Amino acid sequence: MAAMDEPKTPSQYQSPSGKESSAYLMSIITTLSSSADFEQREKEKTRIEKAYINSDKLLGELVAENYQDVTKILQSFNGMTKSINESRDKIRKIKEDLNSCKTLLHFKRDELRKLWKDGVEHKAVLSMLEQVEQIKEVQDKMNTLIANKHYLHATDTIVQAVAKLEGPLNGIEALREVKIDLVNIREKMHETLIDELTKQIYERSLPTSSMHRGSQMRLSRKDASVWGWSDGLDSPKRAPKTDGTESSVNKTYFEVKEDLNSNPEENLKNFVAILTESLFVLRKLPDAVERLKLGMKGSLNKLINTATQQVAESSGQQLDSMVNHVQPKYLNELLKIVFQQTRCVAETHQTFLDNVFRLTRSSGVEKESSGMPLHGNVLYDMKDVWSEIQARLQILLSQYLDVKNTMSSRQQAPTGFDEPSMDISQYFSKKKPARPKKVSLFRFDASQHAISVSSARQQIQQFEHDSLGQSDNWLIVKVCKPGAFNITAIYKPLRSFIEEVEAIMETTSGLQEFITEFVQNAFLGQVHARVSENIDAATRVLDKDDEEPLSFDALRNVIDEKTKRELGVPRPLLQSTVTVDNSIQELQELMHDLPDYADQFLNMICNVLRDYRDKCHSAYRDIVQHGSDEKRIISSMWAKDEDISRFLRSLPSWRSLQPRQGKELDRTICSEEEIRALNSKEAVILISNLSSDESLIPQQEIITDVTQMRTVANVHESLEWFGDRLNQFCTSLTPQDTLNPVQEELPTEMPPISEKTLESLKSLVQDFKDLAEICLLLLHLEVRVHCFYYLLPVAKQSNYAGPIDDLDPDSNVLKLNKDLSGMEEMMAQSLQPKKFKYIFESLGYLVASILITSVQFLKKINENGIKKMCRNILAIQQNLTNITLTRESDLDRARHFYELLYLNPDDVLNSLAEKGPQFTLNEYQQLIQLYHRSFAGNPVSVQDARMQRLQSVMEKGQDETV
């Protein structure tokens, strides 16, 4: 009660609405009736009245503010009330009128039924007349639609028109001729559709981008829009394989629409779908499939012929004359165009087959609505398309590769290269005499049996020729001269295309088998025969008299100045070496062009190198051997000797010739004393082998013909250059066994090859290097042997105790100078300057040592003989100075040695004691012995005393030095 008696604010009584207003009123009544105190009720009453006054005042204000709106509402309400009343009156009147009409119609029902029947008959007649008018316009409409290539509308029009003529309008005689014409149009319509479909597949689908020689074919934006591709620079994607299942059909399903306001050829896929749909409507889809399957051969032939004409036009040459020129680049362009076009053709075939499957599946069980099934022998798939493309390409390639003639002249290529490791010294060992060649006495080529066998072989070849499809009536006009070597220009793009085809067909390509058989059974053998023929022509020179090969004469042929400038070499090279190098380069290019057969070509390279190595060694033996027992010259035996060869290779002069070791030599300090000691060691070795006895060197044990020495120099320069080029080739090769999976995917300069073959190649390269070094060592030693040959007779045979002073040098000295001058002129032309320097460097020291050592062979000598010997030394010194362009001071030492003979031995010993020794103990001993032989009257005891004094002076000098 206390809560109820609690006074309420005016706001508690404001804004009641709807159910709230009733609840609010009941709340006031309950409050007033429940209050027992009169004063309380009065207060409550007063508050309510006050609130009412406030509400009334608020209402008056709201009405005053919204007076216009209230007035409009009242007016609208009055108008609505008036309209409702008028509508009620009209409905009441209509109801009365309908009742009146119902009564009247009941009395006129028979007459109305008759009028309705007449109206139906007139309507049917009008509809038939309209159909007749439409039938008359069908031919003109068909011509317009076909001209605009709106084939789906045209097909629907002709099918509907014939259906009407065979249905509702069947009995109208006036339309009989029209019916005949339209039926003929319908029967011929599928021919037009099939021709148009063939045109779209083999012509319209092809890219229209302009051809550039050597450039990749790309689709223009127009071609991309035709195919529905977004970017004209993107190549067509591989067509999805359709196996005829429902899932594959649903994935490729799209609604076929034909817009009469647009060109239907703008979207090729949609246009092919329209043509397929039109054939389906005509119930001629099986005929179209069969026609396309049978027409692939001729259409592809025409496509290739058109591409051939395009290549000829782009080259600016007459097509008829191109067959006479070796231009495989045009064949490469032709194949690139054909590959691109066949991809587009296959893509369009795929689109057509997708639509065929879509239509046949939508009808139920691969059957048209007419009940004509698509049999398996009629329907083709993408494997048939690619198989026919490969067959056409195989015939094309067989013509360009000249398979018929190549197979008939088949050459056997070497199957592999396997040479056991061998020592190069065996090439310098004595060879067994070659067996005489067997000469056939008679042959059976013209016998009846041989003729019959040859005829049978020709029939078999003709059968194989026909089985390859080459007997097809396809006339191929060629863009280049046919030949087996055309495969080098087309192999890589052809291999990429075959890989793409195999990925689509998921089986081995027949075109791949054809190419593999051609390369393995024909091309490799022809390459080997061609290389062998070139090398044989370069290394074989026949004598006009006995027609025997002269390998030595073959090595005399060097390249001309033009070739030398092109190769960038400072000295002439052997023509045979350059020919072999060209053949190796050709085989290297073939390894690039046909990477799948890199091992086979590398085997050919090894075989070529092995044969050329053997010929070089044979020619070398012809130069260095003499006599029937095949004895070798001295320099050759020394170059072969391991100890002498090892020592010569350890000298600084030899190491300076090596590219890498020369750099190390620059960092090594070699004093003149060390170089003189090494030269002295070399001279001692040579002197101990050649001048230890009274015998002279026979003439047959030296090379007297300068031409032969020039040949040896040319062999050295050629094989060294050849070995460097082969080394570069070896470094570019990578063994297959050492590649990891990441490296196999990276592009390399050369394809990976077998490690065994690579090791064989490196061994052959080393053989060439060894022979080149042996040739240089031979020249180095031969010059020194010549010095022994001419200088030993100077002391052993000449008289130096004559009474008359001979002003001229010894005849052997003059011969030596002439020989050295001839070798200098020859080697300056044939060897590089550093090698020329190596040949003649330290030669003065050797000559001085020979002359000093030869004093033991002089029986007697007087002042005239001493002068003659000094003239000999001076003549040699002047000649060597002209050759080496440096003063040969070592010969001054030899001249000083002989000038000691002018002095008394005691004076020589006194000078030796004062100034120290300038020569060795043995040289002083030989000098004293010659003095006592030359000047008689000196007893042996005096000679012994001088020898003992010499010994003591030399030992004292050695102790002081130590």
Side-chain angles (χ1 to χ4, degrees), residues 326 328 331 394-419 445 453-454 456-458 460-465 467-468 470 480-492 494-495 498 510-540 576 579-615 729 750-751 753-754 756-758 760-761 764:
V326 181
L331 175 59
Q394 180 172 334
I395 296 176
L396 180 70
L397 293 175
S398 64
Q399 294 288 327
Y400 276 102
L401 298 178
D402 198 14
V403 173
K404 181 179 179 181
N405 296 329
T406 304
M407 289 294 187
S408 61
S409 60
R410 180 179 302 179
Q411 299 287 340
Q412 185 65 31
T415 56
F417 180 84
D418 187 10
E419 184 181 31
D445 293 347
V453 171
S454 176
R457 185 181 295 110
Q458 291 178 359
I460 294 174
Q461 291 177 353
Q462 182 64 32
F463 175 77
E464 293 176 350
H465 176 73
S467 64
L468 288 175
Q470 296 177 346
C480 69
K481 188 175 182 178
F485 279 84
N486 288 333
I487 189 67
T488 59
I490 64 174
Y491 184 80
K492 285 185 177 179
L494 184 60
R495 184 182 63 171
I498 290 174
L511 188 59
Q512 177 64 53
E513 295 177 355
F514 166 76
I515 294 298
T516 301
E517 181 181 1
F518 168 76
V519 173
Q520 292 182 349
N521 297 337
F523 180 68
L524 293 179
Q526 196 170 46
V527 170
H528 185 264
R530 174 177 172 179
V531 171
S532 300
E533 182 180 353
N534 292 338
I535 295 176
D536 288 342
T539 57
R540 176 186 291 266
S576 62
T579 302
V580 173
D581 180 72
N582 291 336
S583 299
I584 299 299
Q585 295 296 325
E586 180 180 350
L587 292 174
Q588 291 180 28
E589 293 176 0
L590 290 175
M591 292 178 66
H592 276 290
D593 297 334
L594 282 73
D596 294 334
Y597 302 92
D599 275 332
Q600 286 88 331
F601 291 121
L602 190 60
N603 287 331
M604 290 186 192
I605 291 176
C606 291
N607 285 311
V608 168
L609 293 179
R610 179 190 58 191
D611 295 340
Y612 187 62
R613 177 199 63 186
D614 296 342
K615 291 180 179 180
F729 173 56
M750 278 286 186
I753 46 86
S754 65
K756 182 179 179 181
T757 310
L758 181 58
S760 301
L761 177 62
L764 289 168

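Since this is a predicted model, take the numbers as computed values, not measurements.
- Side-chain atoms of D593 never come within 3.5 Å of backbone atoms of I487 as a donor-acceptor pair (strictly under, hydrogens ignored).
- Nearest approach of D599 to S754, heavy atoms of both residues: OD1-N, 3.1 Å.
- Counting heavy atoms from C-beta on, the side chains of I753 and L761 never come closer than 4.5 Å.
- Under a 3.5 Å cut-off, the side chain of S532 and the backbone N or O of A529 do not form any donor-acceptor pair.
- R495 has its side chain within reach of P595: a pair of non-hydrogen atoms, C-beta onward, lies under 4.5 Å apart.
- I535 places a side-chain heavy atom less than 4.5 Å from the side chain of V608.
- Taking the side chain as every heavy atom from C-beta outward, F729 and I605 approach each other to under 4.5 Å.
- One N or O on the side chain of K492 and one on the backbone of H592 form a donor-acceptor pair closer than 3.5 Å.
- The distance from the CG atom of L602 to the CG atom of N607 is 10.0 Å, given to the nearest 0.5 Å.
- With a 4.5 Å cut-off on side-chain heavy atoms, L590 and Y597 do not count as touching.
- Heavy atoms only, all atoms of each residue included: V531 and S583 are closest at CG1-CB, 3.7 Å.
- Residues L397 and L511 are in side-chain contact: their nearest non-hydrogen atoms beyond the backbone lie under 4.5 Å apart.
- To the nearest 0.5 Å, atoms CD (E586) and CE (M604) are separated by 10.5 Å.
- When all heavy atoms of K481 and N486 are compared, the closest pair comes out as O-ND2, 3.0 Å.
- Distance check: Y491 OH to I498 CD1 gives 7.5 Å after rounding to the nearest 0.5 Å.
- Contact check for D536 versus K615: side-chain heavy atoms found under the 4.5 Å cut-off.
- Heavy atoms of other residues, nucleotides or ligands lying less than 6.0 angstrom from CD of Q585 number more than 12.
- Put simply, CD1 on I584 and SG on C606 are 8.5 Å apart, with the number rounded to the nearest 0.5 Å.
- Only one option out of T516, N521, I515 pairs with V519 in a side-chain contact (heavy atoms from CB on, under 4.5 Å); it is I515.
- Residues D402 and P482 share a closest heavy-atom pair of CB-CB, 4.1 Å.
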Side chain to side chain contact (heavy atoms under 4.5 Å, CB included) between T488 and E589, intermediate numbers included: CA-CA 9 Å; T488 59; E589 293 176 0; over 6 Å; no
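- Rounding to the nearest 0.5 Å gives a distance of 10.0 Å between CG of N603 and CZ of R610.
- Residues C480 and L331 come closest through the heavy atom pair SG-CB, 3.9 Å.
- Among all heavy-atom pairs drawn from Q520 and L524, the shortest one is CA-CD1, 4.0 Å.
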Residue pair V403, F514: steps toward the side chain to side chain contact (heavy atoms under 4.5 Å, CB included) verdict: CA-CA 10 Å; V403 173; F514 166 76; 3.9 Å; yes
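- Residues F523 and L594 are in side-chain contact: their nearest non-hydrogen atoms beyond the backbone lie under 4.5 Å apart.
- Separation of atoms CD (E513) and CD (Q394) is listed at 9.0 Å; rounding is to 0.5 Å.
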